[in-house]
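In what follows, every heavy atom counts, from backbone to side chain, and hydrogens, waters and symmetry copies are set aside. Convention: sequence-line order gives letters A, B, ...; per-chain numbering from 1. These numbers were taken from a predicted model, which means no experiment stands behind them.
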Number of protein chains: 2
Amino acid sequence: MEKSIQDAANDAQVIAPFQSHGHDHGQCVVEAIAAAESRCEKDGSSFTPLRRQVLELVWSSHGPVGAYELLEKLRGSRRNAAPPTVYRALDFLMEHGLIHRIESLNAYVGCGDPARLHGGQFLICRDCQSVAELDDSAIDRAVTRRADALGFDVQQQTVEIIGQCADCSARGNDD
Amino acid sequence: MEKSIQDAANDAQVIAPFQSHGHDHGQCVVEAIAAAESRCEKDGSSFTPLRRQVLELVWSSHGPVGAYELLEKLRGSRRNAAPPTVYRALDFLMEHGLIHRIESLNAYVGCGDPARLHGGQFLICRDCQSVAELDDSAIDRAVTRRADALGFDVQQQTVEIIGQCADCSARGNDD
DNA sequence: ATTCAGTACGTTATAATATATCATATGTTA
DNA sequence: TAACATATGATATATTATAACGTACTGAAT
Ligand SMILES: [Zn+2]
Ligand SMILES: [Zn+2]
Ligand SMILES: [Zn+2]
Ligand SMILES: [Zn+2]
C-alpha cells in the first residue's frame with residue numbers, strides 16, 4: 001500500500017525516527033559527518049579534527065550521550081582530553097545546528113537535519129532511551145500562536161516528550 | 001472592549017501569566033499555600049512544616065529558583081539544612097504537582113494550578129527571567145497527535161519556550 | 001503500652017555536570 | 001614580521017544532585 005500525500009507530508013516532519021536495531025549505523029555516521037562538513041563550509045566555520053571526532057562520538061551511539069561519557073571515549077585517542085575539551089566542541093556543534101542538547105537528560109544527540117535551522121522537538125523512550133527527532137509544524141504553530149497572543153517573541157523551543165516507544169510497548173516493557 | 005468567549009477560553013489555558021511588578025505578591029503566596037494544603041489533604045499526603053516552608057520560598061520569588069538558592073534561604077531559619085533537605089522537599093512538591101522543574105534552567109517554579117494534573121508548558125523570558133505557565137490544549141493536541149501517529153505513548157510533556165516577553169521587548173531590552 | 005512498620009528528616013560524603021582562567025599553539029592579515 | 005583572532009591544553013573550581021546511614025516521630029496492631 002502506497003503512502004498518501006498526507007502521510008508523506010507527515011513523514012517530512014519526522015527528522016529522525018526511532019532507530020531499528022538492524023540498520024547500518026555506520027552509514028548514519030558517515031552521512032552525518034558529510035552533512036556537517038557541508039554545513040560548516042557554508043557557515044565559513046572550521047570543522048576541526050577534534051570537532052569532527054566529537055560529532056562522530058555523539059553519533060556513534062544512537063541515543064543521547066552525556067558529556068562525560070563522550071569525554072571517556074575521546075580519551076581513547078586523546079589521552080589529555082579534559083572537560084573543557086568536550087564542552088567546547090559540544091558548544092560549537094550546537095551553535096552550528098549539528099547536535100541538540102536534551103535538557104531533561106543533560107545529554108546530547110546528533111541532529112538529523114543540520115541543513116535546516118530548527119528548535120528541538122523530541123520523543124524520548126523511558127525504557128530504551130531511544131529518541132525520535134521531530135520538526136512538527138503543528139506543534140510549532142500551536143506554540144507560536146499562543147506566544148503571539150501574549151506578545152512573547154519566541155527565540156528557542158524546547159519540546160521534550162517522555163514516554164514509551166512503540167517497540168517497547170509491544171514488548172510489554174512496563175517498568 | 002469586552003472579551004469574546006474565544007478569548008476567555010484562551011485565557012483559561014494560561015495558568016499563570018507574566019507577573020506585573022505592582023501586584024500583591026504576598027497574596028499569591030497565601031493562595032498557593034492554601035491550594036497546596038487542600039491538594040495534600042485530598043492526596044492524604046502530609047504537608048509538613050519543612051515542605052510548606054520550601055514551597056513558600058519557591059513562591060517568594062516569582063521567577064524560577066535554583067535548589068541551592070532555596071537552600072541558602074532555608075538556612076535563615078534552619079541552620080542545619082543540607083542539600084538533601086531541599087531536594088527531598090522539592091521531590092515531594094513535584095510529585096504532588098505543587099511545583100514544576102524548568103529543565104532548561106535547572107530551576108523550580110510554583111505551579112499555578114495544582115488542583116489539575118498537567119505537564120509543564122512555559123514561556124521563559126531571557127531578559128527578566130519571568131515565566132508564564134500554560135496548559136494550552138492546542139499544543140497538547142499537536143504533540144499527542146504526532147506521538148500517536150508514531151505509536152508513542154506520552155507520559156510527560158516538557159515544553160519550554162525561551163524568548164522575550166512583551167514588557168522586555170517594549171523596554172527595548174535587546175541584550 | 002508495647003511492638004512494629006512506615007515516613008520524615010538529620011548528617012556526612014560523594015557523584016555528576018559544567019565553567020573560569022590562564023597558557024600555548026596555530027593560522028591569517030597587514 | 002608584527003598583530004590579531006581562533007583553537008586547544010591544562011589546572012582548578014563551581015554548580016547541581018544523590019547515596020548511604022542514622023535518628024525521631026507517627027499511627028496502627030497486638
Ligand atoms: Zn535537529
Ligand atoms: Zn523504547
Ligand atoms: Zn502547573
Ligand atoms: Zn521579560
Will you find, in the side chains of B:S77 and B:Q53, an N or O donor that is under 3.5 Å from an N or O acceptor?
->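 Distance-only check passes for B:S77 and B:Q53.
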B:Q155 atom CD, over 12 foreign heavy atoms within 6.0 Å =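 Correct, the count exceeds 12.
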If you compare every side-chain N and O of [X] against the phosphate oxygens of [N] (OP1, OP2), does one of them come in below 4.0 Å?
{"X": "B:R101", "N": "D:dT16", "answer": "no"}
{"X": "B:R51", "N": "C:dC9", "answer": "yes"}
{"X": "A:Y87", "N": "D:dA14", "answer": "no"}
{"X": "B:S46", "N": "C:dA8", "answer": "yes"}

Any stacking of B:Y68 on D:dT16, going by centres under 5.5 angstrom and planes within less than 30 degrees?
->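 Answer is yes, a stack.
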Whole angstrom value for the distance that separates [atom2] of [N] from [atom1] of [X]:
{"X": "B:F47", "N": "C:dT7", "atom1": "CZ", "atom2": "P", "answer": "19 Å"}
{"X": "B:F92", "N": "D:dT18", "atom1": "CZ", "atom2": "P", "answer": "18 Å"}
{"X": "A:I102", "N": "C:dT17", "atom1": "CD1", "atom2": "C1'", "answer": "16 Å"}
{"X": "B:E103", "N": "C:dT17", "atom1": "CD", "atom2": "P", "answer": "13 Å"}
{"X": "B:L105", "N": "C:dT17", "atom1": "CG", "atom2": "C1'", "answer": "16 Å"}
{"X": "A:D91", "N": "C:dT17", "atom1": "CG", "atom2": "P", "answer": "16 Å"}
{"X": "B:N106", "N": "D:dT15", "atom1": "CG", "atom2": "C1'", "answer": "9 Å"}
{"X": "A:R75", "N": "D:dT8", "atom1": "CZ", "atom2": "P", "answer": "17 Å"}

Report the C-alpha separation of A:R101 and A:N106 in whole Å, then their side-chain angles, then the decisive distance to 0.1 Å, and conclude whether the side-chain hydrogen bond (donor to acceptor under 3.5 Å, both in side chains) test is met.
-> CA-CA 7 Å; A:R101 173 173 161 84; A:N106 294 335; 3.0 Å; yes
DNA chain D: A:N80 or B:Y108, which has the more 5' nearest nucleotide?
-> A:N80
D:dT18, D:dA10, C:dA18: which one has an atom nearest the side-chain heavy atoms of A:P84?
->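 Output: D:dA10.
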When you measure from the side chain of A:T48, which nucleotide among D:dA7, D:dG9, C:dT11 comes out closest?
-> D:dA7
Parallel, tilted or perpendicular: which describes the rings of B:F18 and A:F152, with under 30° parallel and over 60° perpendicular?
-> parallel
Nearest-nucleotide check on DNA chain C, B:A81 vs A:A107; residue mapping nearer the 5' end is B:A81
Evaluation steps, side-chain hydrogen bond (donor to acceptor under 3.5 Å, both in side chains), between B:Q164 and A:D153 = CA-CA 5 Å; B:Q164 194 180 44; A:D153 175 41; over 6 Å; no
Do B:R88 side-chain and C:dG10 base share a donor-acceptor contact under 3.5 Å?
->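 Donor-acceptor pair under 3.5 Å: yes.
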